[in-house]
Protein chains: 2
Amino acid sequence: MTTGFATGRALRPTTKVLPEHARGHNRSLVLQTLYRIGTLSRADIARETGLTRVTVSDLISELMGEGLVIEMGQREDARPGKPATLLDLDRSAFQIVGVDLSEYATFRGALLDLDGHLLDTVSLPLAGSTGDEAAAKVEQIIAELVSRAVRPILGIGVGSPGVVDLNGVVLSAPNLGWTGRDLQGELAARFDLPVVVINDANAATLAEHSFGGATGDMMLVKIGHGVGAGLLLGGTPLFGSRFAAGEIGHVMVGTDGGATCVCGKVGCLETWLATPRLDAALAAATSDIQKEQILWEAGERLGIALAPVVGALDLAEIVLSGPTELLDGTLARAAIETLRARTMPEFHGNLELRMTGLGEDIVLRGAAVMVLSGQLGVS
Amino acid sequence: MTTGFATGRALRPTTKVLPEHARGHNRSLVLQTLYRIGTLSRADIARETGLTRVTVSDLISELMGEGLVIEMGQREDARPGKPATLLDLDRSAFQIVGVDLSEYATFRGALLDLDGHLLDTVSLPLAGSTGDEAAAKVEQIIAELVSRAVRPILGIGVGSPGVVDLNGVVLSAPNLGWTGRDLQGELAARFDLPVVVINDANAATLAEHSFGGATGDMMLVKIGHGVGAGLLLGGTPLFGSRFAAGEIGHVMVGTDGGATCVCGKVGCLETWLATPRLDAALAAATSDIQKEQILWEAGERLGIALAPVVGALDLAEIVLSGPTELLDGTLARAAIETLRARTMPEFHGNLELRMTGLGEDIVLRGAAVMVLSGQLGVS
DNA sequence: CATGTTTGTTAGTAAACCTTACGAACTAAT
DNA sequence: ATTAGTTCGTAAGGTTTACTAACAAACATG
């Protein structure tokens, strides 16, 4: 709109800007263009970015010097003019370590390439570990992956449950017994590599944004042992004023009671949707019809809880992540129907709700996105 | 946080950046510093912004050439060294036209100075006008204010009800009979001045941010003939994927029925909170206790509706705007108590809820903020 | 009164991108 | 076959930006 520096309508510039910052920005812009579109010539990039061919050439030679970009030979098609030299990101130049601490009983890790594809995976049973012991297992997984890497490692991304601040300090993760633990700092010191620690649901949201085809403002609801969410608004993840954005598991739903929650309240979203509760309810059901009813009510409650959020944020998309057999079907249908019934179709009729297509690797891939974004300005 | 170019953790650079953009950014930074802190010397600004004295001197001379900044004489206090030449924004150098179309029966307009103080006001009964007739009244108000201005006009800001896109096109404002009306374009053509048209609740949110002392992520709920809201997240207003963010008036609240709404649904937030409904209910009440109950339930419903939003966004603050006699008291108390009861105190216990201190001028002042932000990069 | 401090300016440098121009390599029309 | 036109990448030179270094002016202090 105005300067291009701040997103949206600029409000309150806060830091000075030097020419070198512009350079870094344009460098990322070139990388981003290659990352998104794929093989391009220098002239293509110039047209795409608005920079001149001269500037692009200069940036490309810098990037080729770092081994990030490689020439792919000449373009084949028959056109007038000098044939273009094609370029692309060297997508196997680096590898990324991604770690997912969000599953209840297992830590998972993977090596990924710059496209976010899993190359190798490792998992380690948590076996009830908490505190230092759990942290040691995180280090163990990463050490194993680092030793298996066959390329330089771009960085380490970790998706952790709980509340994580912008410096990667896990402020609170009850299941792992962490409070104010500087996991990012510890890992950075141990491995001497760039490290990013981020909330698991936020990681999943980023993965959906980069690989799942989410376009506009989106909320990802991650349903597992607990219920959490991540938000992507205007292309930027939302962290919240205390880094607790997306913590909707213990919000009360409806005005007609419900089951008692571990938190002491009645009718929290988790009492309807957390998988242990759902599994138990389904196991106790005596007929398929009853099971359908359980799933329908769970979806309905999700819709009731999200309706005000959809109204307030004017979301374009809601994505569910979790066990497909529970979520994808009656539950999702109930959720979207309830949402449509409880909001204004004139404003929010375009809302869509779907399962993620990224399956169980969503947090691993989201952690990789954080590394890509932090190190290359690409995602 | 990182570069200063993108807000938050940078994701996806999208536009090129030239040195001249950096210049504009730093120029705004200097203006912003003067605007916020007030009288400062060049050296003070340099320390505050991180720019060098040389650069600041250069920017200041440019700004003085435009008449935006003036010298205020020398600093009086006794210190070693050459006495500092004090500078300030010339806060009476320009005037701003602000217009508020959000009241049910009246259009209001005002001349404001750069500090957002009202210098002169005009109002015009709407008298049921819609469509072109209503638009003509907007022009009439602005023309009157332009003729009364005794300084150059920096720009025109308009807060309109309904859904307004980023180009100031009123996509939908039922009360005024506008659909897809390019009000911003019409006014810019008519007055040959910078014009910004923005949703009324968003304008109010900006005013609260700039003048009301709102600090972190905030939601402003504007209660009047309808119920709308504006959100400020990470210092940036949220517009939503279809520019309908904040449209919470017709979200259903609770799972126990309620009154039938004009929209056809049952138990919309407006059925509890819109002032006509509240006034009617209070008028029909036969005792003070009953009136208290009505207000309490209204606040309770607001809390029920906002709890999921607070949980999802981790808001720091909720601000109410509207008739003080209705909102400030039982209703607000009920809302915050309900919010606290329905969310997690560990995450959201710091949440505050209060009335705005800006009264009925909040939209006018917010419209002025848009002009300030757009023209000077200041707010 | 000499010394040290602070302010604002002047002069020169480095970095970034731009415009202009050109050779290389191709297609298409004559 | 030759000419004209197109496209690509690079080179040279210019502009803008903010920086560092240095300095004079103007003050306080011992």
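So you know, we letter chains A, B, ... as the sequences are listed, proteins then strands, and number each from 1.
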Asks: Side-chain contact test, heavy atoms from C-beta onward, threshold under 4.5 Å: evaluate it for Phe94(B) versus Leu68(B) and give yes or no.
Replies: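 Phe94(B) reaches Leu68(B) side chain to side chain.
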
Asks: For Gly81(A) and for Ser57(A), find the nucleotide of DNA chain D with the closest heavy atom, then tell me which residue's nucleotide is more 5'.
Replies: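 It is Gly81(A) whose nearest nucleotide is closer to the 5' end.
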
Asks: NA contact type, Val56(A), heavy-atom cut-off 4.0 Å: base, sugar-phosphate, or nothing?
Replies: nothing

Asks: Are Lys16(B) and dA16(C) close enough that a side-chain N or O sits under 4.0 Å from OP1 or OP2?
Replies: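 False: Lys16(B) side-chain N/O out of range (4.0 Å or more) of dA16(C) OP1/OP2.
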
Asks: So if I take every side-chain heavy atom of Val54(B) and compare against dT17(D), dA11(C), dG8(C), which nucleotide ends up nearest?
Replies: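 Among dT17(D), dA11(C), dG8(C), the one nearest the side chain of Val54(B) is dA11(C).
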
Asks: Kindly say if Thr52(B) contacts the phosphate of dA18(D), meaning a side-chain N or O under 4.0 Å from OP1 or OP2.
Replies: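 No, outside the criterion.
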
Asks: Whole-Å distance between dT27(C) P and Glu76(A) CD?
Replies: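 Spelled out: CD on Glu76(A) to P on dT27(C) is 11 Å.
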
Asks: Are more than 12 heavy atoms, taken from residues, nucleotides or ligands other than Arg27(B), located less than 6.0 Å from that residue's CZ atom?
Replies: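 Enclosed.
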
Asks: How long is the line joining CZ of Arg27(A) and P of dA16(C), in whole Å?
Replies: 12 Å

Asks: Report which part of the nucleic acid Arg53(A) touches: base, sugar-phosphate, or nothing (heavy-atom distance under 4.0 Å, all strands).
Replies: base

Asks: In whole angstroms, how far is the C1' atom of dA14(C) from the NE2 atom of His21(A)?
Replies: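 That distance rounds to 15 Å.
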
Asks: Does Arg47(A) reach a base, just sugar-phosphate, or nothing at all? Heavy atoms under 4.0 Å.
Replies: sugar-phosphate

Asks: By nearest nucleotide on DNA chain C, pick out whichever of Pro83(A) and Glu71(B) is the more 5' one.
Replies: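 First, find each residue's nearest nucleotide; the 5'-ward one identifies Glu71(B).
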
Asks: Just N and O in the side chain of Thr55(A): are any of them under 4.0 Å from OP1 or OP2 of dA16(C)?
Replies: no

Asks: Taking any heavy-atom pair under 4.0 Å as a contact, classify Asp58(B): base, sugar-phosphate, or nothing.
Replies: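 Nothing, no heavy atom under 4.0 Å.
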
Asks: Is the closest side-chain heavy-atom distance between Leu87(B) and Ile45(B) below 4.5 Å?
Replies: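 Of all side-chain heavy-atom pairs linking Ile45(B) with Leu87(B), at least one is under 4.5 Å.
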
Asks: Rounding to a whole Å, what distance do you find between Ile60(B):CD1 and dT9(C):P?
Replies: 10 Å

Asks: Do Leu206(B) and Ile198(B) have side-chain heavy atoms sitting under 4.5 Å apart?
Replies: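 They are in contact (side-chain heavy atoms under 4.5 Å apart), so the answer is yes.
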
Asks: Assign each of Pro19(A) and Arg79(A) to its nearest nucleotide of DNA chain D by heavy atoms, then name whichever residue's nucleotide is nearer the 5' end.
Replies: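 This one resolves to Arg79(A).
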
Asks: Does CD belonging to Glu76(A) count more than 12 external heavy atoms closer than 6.0 Å?
Replies: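 Open.
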
Asks: Could you tell me how far apart Leu59(A) (CG) and dC18(C) (P) are, to the nearest whole angstrom?
Replies: 10 Å

Asks: Could you tell me how far apart Glu20(A) (CD) and dC19(D) (P) are, to the nearest whole angstrom?
Replies: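 Those two atoms, CD and P, are 9 Å apart.
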
Asks: Could you tell me whether the phosphate oxygens of dT7(C), OP1 or OP2, come under 4.0 Å of any side-chain nitrogen or oxygen in Thr85(B)?
Replies: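 No.
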
Asks: Before accepting this row, confirm whether a basic side-chain N of the pair Arg91(B)/Asp113(B) lies closer than 4.0 Å to the acidic partner's carboxylate O.
Replies: no

Asks: The side chain of Lys82(B) is closest to which nucleotide in this list: dA21(D), dC17(C), dA25(D)?
Replies: dA25(D)

Asks: Looking only at side-chain atoms of Leu51(A), point me to the closest of dA28(D), dC18(C), dG9(D).
Replies: dC18(C)

Asks: dT17(D) phosphate, OP1 or OP2: any side-chain N/O from Asn26(B) under 4.0 angstrom?
Replies: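 No, no such contact exists.
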
Asks: Just the rounded figure in Å: distance from C1' of dT7(D) to CG of Leu40(A).
Replies: 16 Å

Asks: Which residue lies toward the 5' end of DNA chain C, Gln74(A) or Gly50(A), if each is placed at its nearest nucleotide?
Replies: Gly50(A)

Asks: For Asp77(B) and dT7(C), what is the distance between atoms CG and C1' respectively, to the nearest whole Å?
Replies: 13 Å

